[in-house]
Amino acid sequence: MKQYLLRCGAFFDGVHQELKENVDILVEGKLIRAVGEDLPLHEDVEVIDLTDRTVMPGLIDSHVHYEFFDPATFNQFSITDTDERKALNMAHNCMEALGKGITTIRTTGTAFRGFGCLDVKRAIDMGLFPAARVIAAPHALGIPGGHWDFSTFGGNTNPALCEFLTQPYAIGSGAEDFKRLVRQQVKYGADFIKIMATGGFASPGDDPDELQLDDEELEAIIRTAHACNRKVAAHAYGSVSIDKLLELGIDEIEHGTLMEEHTAEQMVKSGVHYVPTLYSLVGDPEEPGAPAGMGTSEVPGAPTGMGTSGEPDAPAKRAQAPKPPAYQRKLDKYAAQLEQSRGIVLKLILDGQLVMGLGSDIVAGVASTEGWREFKCWRDLGIPALRTLVAATSDNAKIIGREDLGVLAPGKTADITAWDSDILEDHSALEGSHCTFVMKEGAIKKST
Ligand SMILES: [Zn+2]
């Protein structure tokens, strides 16, 4: 079996918030066999010199929508693109991700009408082309006219067209209906279940504080999913919805950016997993113009002073497009609460008691090549680099249910990356161009 000995410059194992020196990694086949100082070198082992790089686990992005490219056109293409085109988009984005050091992505509800995202996943697993592996919730379950009902997006108000465009596997009403939808997701290969528990900022016909699934529906979804050995991740913003979800035994919260303090405490007590997708909330202070934009970012724009300078737009520098009026009205309505909740979320990250993941919300919140901006965002908000990287590696591995990933230790899957940037000081350190080496399951996918 092929063996590699990786000689590392700086070494981050994905768990401990420290950079070690003089660490070697022995890879055999798909697995890491040994990690330590001055590992013995056998004759048939190929040595890879990474002594001038920072070595860490392959990154995991735990919240993406890879079937599109551009936040600005997402609304429109959600209904005009075919499933075949969406599959090509997703395959392309998974290939691009791998070259940028992201060896695993989790898609949190797609806009496929059918289950094309699982075909992309299977093709990648078969090794048909080099790409990030996929963990998938094929659809985000929700209500007619709710946050993920694309049939009314793009300005479509024609009921005949809406009925035609409604995703048959995603949209339901009533406990029995949602039981059926959960079982269908599992039947066709879902790794987990995603639900749109509340409205959103960009979905024009609802409100982020609106609980869109009632108690019976939520209970039916969670109970059925658990009976099928699947976890449930919920898109939800405020305390009313999150308190209810926690009470009913939800496994994971996405966004949560309108929550109050008592809910954060309850989340810690419950041990729920949490992916806050912060970039689409706060944007980038170096990016002119409004931050969150486009059609369907589930989380809104910047608090005062973060990327809302009012200067003329500079599209070439921006990852996000301007917001439509309905979206902006909600941002204005919730501005104070968003800012307050941001402090609560940051405290949760720094406390380190919760398993919290790094999720970019590509392409709902950011263009498909810009996932590193979530890393930069956490850094810009004052989160230490290594805490941020724990979120992108070992915490995300727990969240996606793949604890063989995200950690450089004996017995783990050999997903390993190396970077030529200063990850401690440079907030843009994980921009794809800085990734110079990628190994996925013990095979070298990039080496420059
Ligand atoms: Zn999302």
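Just so we're clear, the structure is a prediction, and the values are computed from it rather than from any experiment.
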**OP:** Check the pair H255, T277 against side-chain hydrogen bond (donor to acceptor under 3.5 Å, both in side chains), reporting the backbone distance first and the verdict last.
**Re:** CA-CA 6 Å; H255 315 309; T277 66; 2.8 Å; yes
**OP:** Show the numbers, then the answer: is there a side-chain hydrogen bond (donor to acceptor under 3.5 Å, both in side chains) between Q266 and D243?
**Re:** CA-CA 8 Å; Q266 208 51 46; D243 290 352; over 6 Å; no
Original post:
Does E217 reach the main-chain N or O of G174 with its side chain, forming a donor-acceptor pair under 3.5 Å?
Top reply: yes
Original post:
Got M356 and V390 here, is their nearest side-chain heavy-atom distance under 4.5 Å?
Top reply: no
Subject >> Backbone of I193 reached by a side-chain donor or acceptor of Q185 within 3.5 Å >> reply: no
Subject >> F375 CZ to I383 CD1 distance, which is reported to the nearest 0.5 Å >> reply: 11.5 Å
Original post:
Tell me, do K330 and P208 make a side-chain contact under 4.5 Å, heavy atoms counted?
Top reply: yes
Original post:
For D415, which of R133, K30, K440 qualifies under side-chain hydrogen bond (donor to acceptor under 3.5 Å, both in side chains)?
Top reply: R133
Original post:
Roughly how far, to the nearest 0.5 Å, is the OG1 atom of T103 from the CG atom of L405?
Top reply: 6.5 Å
Original post:
Taking 4.0 angstrom as the limit, do K121 and D191 come out as a salt bridge?
Top reply: yes
Original post:
Please walk me through it: do D207 and Y334 pass side-chain hydrogen bond (donor to acceptor under 3.5 Å, both in side chains)?
Top reply: CA-CA 10 Å; D207 189 278; Y334 288 106; 2.4 Å; yes
Original post:
So do C94 and I105 actually touch side chain to side chain, heavy atoms under 4.5 Å?
Top reply: yes
Original post:
Hey, which of D149, I143, L141 is the one that makes side-chain contact (heavy atoms from CB on, under 4.5 Å) with I171?
Top reply: D149
**OP:** Look at the side chain of K446 and the backbone N and O of V438, then say whether any donor-acceptor pair between them is shorter than 3.5 Å.
**Re:** no
**OP:** Count the heavy atoms belonging to other residues, nucleotides or ligands that lie under 6.0 Å from CD of Q340, then report whether that count exceeds 12.
**Re:** no
Original post:
Judged by modelled atom types alone, do H92 and N89 share a side-chain donor-acceptor pair under 3.5 Å?
Top reply: no
Subject >> Pair F115 and H139, ring centroids less than 6.0 Å apart >> reply: yes
**OP:** Step by step, work out the side-chain hydrogen bond (donor to acceptor under 3.5 Å, both in side chains) result for D426 and S421.
**Re:** CA-CA 7 Å; D426 179 4; S421 49; 5.3 Å; no
**OP:** Would you mind reporting whether L248 and L245 have side-chain heavy atoms less than 4.5 Å apart?
**Re:** no
Original post:
Any idea which heavy atoms bring V232 and A225 closest together, and the distance?
Top reply: CG2-CB, 3.4 Å
**OP:** Show your working on salt bridge (charged side-chain N to carboxylate O under 4.0 Å, His left out) between E431 and K100 and close with a plain yes or no.
**Re:** CA-CA 7 Å; E431 197 172 346; K100 295 172 193 298; over 6 Å; no
Original post:
How long is the gap from CH2 on W419 to CZ on F437, to the nearest 0.5 Å?
Top reply: 13.0 Å
Original post:
Does any non-hydrogen side-chain atom of N93 lie less than 4.5 Å from one of F69?
Top reply: yes
**OP:** Flag the pair D61 / N396 as yes when at least one side-chain heavy-atom distance between them is below 4.5 Å, and no otherwise.
**Re:** no
Subject >> Shortest non-hydrogen contact between A392 and L358, atoms and distance >> reply: CB-CD2, 3.7 Å
Original post:
Counting only heavy atoms not in F164, do more than 12 sit closer than 6.0 Å to its CZ atom?
Top reply: no
Original post:
Relative to the ring of F68, is the ring of F74 parallel (under 30°), tilted (30 to 60°) or perpendicular (over 60°)?
Top reply: perpendicular
Original post:
Any side-chain heavy-atom pair from E210 and T198 closer than 4.5 angstrom?
Top reply: no
**OP:** Mind checking the OG-CE spacing from S241 to M259? Nearest 0.5 Å is all I need.
**Re:** 9.5 Å
Original post:
Between I60 and I102, does a side-chain contact (heavy atoms from CB on, under 4.5 Å) hold up when you go through it step by step?
Top reply: CA-CA 6 Å; I60 301 168; I102 298 165; over 6 Å; no
Original post:
Is E67 paired with R85 through a side-chain N to carboxylate O contact shorter than 4.0 Å?
Top reply: no
Original post:
Can you name the nearest heavy-atom pair linking A123 to F129, along with the distance?
Top reply: CB-CE2, 3.9 Å
**OP:** Give a yes or no answer on whether the side chain of S270 reaches the backbone of M267 with a donor-acceptor pair at less than 3.5 Å.
**Re:** yes
Subject >> Distance under 6.0 Å and angle within 45° of ring axis: R106 vs F192 >> reply: yes
Subject >> Full working for side-chain contact (heavy atoms from CB on, under 4.5 Å) between M95 and K445 >> reply: CA-CA 10 Å; M95 291 173 79; K445 301 296 182 184; over 6 Å; no
Original post:
What closest approach, in Å, do C117 and P138 show between heavy atoms, and which atom pair accounts for it?
Top reply: SG-CA, 3.6 Å
Subject >> V55 to I416 - nearest heavy-atom pair and separation >> reply: CG1-CG2, 3.6 Å
Original post:
Is a side-chain donor or acceptor of D351 paired with a backbone partner of Q353 at a separation under 3.5 angstrom?
Top reply: no
Subject >> side-chain contact (heavy atoms from CB on, under 4.5 Å) evaluation trace for K244 with L213 >> reply: CA-CA 11 Å; K244 172 61 68 184; L213 293 160; over 6 Å; no
**OP:** Could you tell me the separation between the NE2 atom of H262 and the CD1 atom of I344, rounded to the nearest 0.5 Å?
**Re:** 9.5 Å
**OP:** Dump the intermediate steps for side-chain contact (heavy atoms from CB on, under 4.5 Å) on T107 and I135, then the final yes or no.
**Re:** CA-CA 6 Å; T107 184; I135 306 295; over 6 Å; no
**OP:** May I ask you to decide if G14's main-chain N or O and T393's side chain share a donor-acceptor pair within less than 3.5 Å?
**Re:** yes
Subject >> Pairwise distance NE2(H273) to NZ(K231) - rounded to 0.5 angstrom >> reply: 5.0 Å
Original post:
For the ring-ring contact (aromatic ring centres under 6.0 Å, His included) test, which of F150, W148, F77 pairs with H65?
Top reply: W148
**OP:** Write down the atom of A236, the atom of I242, and the distance for their closest heavy-atom approach.
**Re:** CB-CG1, 4.0 Å
Original post:
Between D119 and R122, is there a side-chain N and carboxylate O pair less than 4.0 Å apart?
Top reply: yes
Original post:
Ignoring hydrogens and geometry, is there a side-chain-to-backbone donor-acceptor pair from K194 to A233 under 3.5 Å?
Top reply: no
Subject >> Polar side-chain atom of Q212 near backbone of G142 as donor-acceptor pair, under 3.5 Å >> reply: no
Subject >> F153 vs S203 side-chain heavy atoms within contact, under 4.5 Å >> reply: yes
Original post:
Between R230 (side chain) and C228 (backbone), is there a donor-acceptor pair under 3.5 Å?
Top reply: yes
Original post:
Between N156 (side chain) and T152 (backbone), is there a donor-acceptor pair under 3.5 Å?
Top reply: no
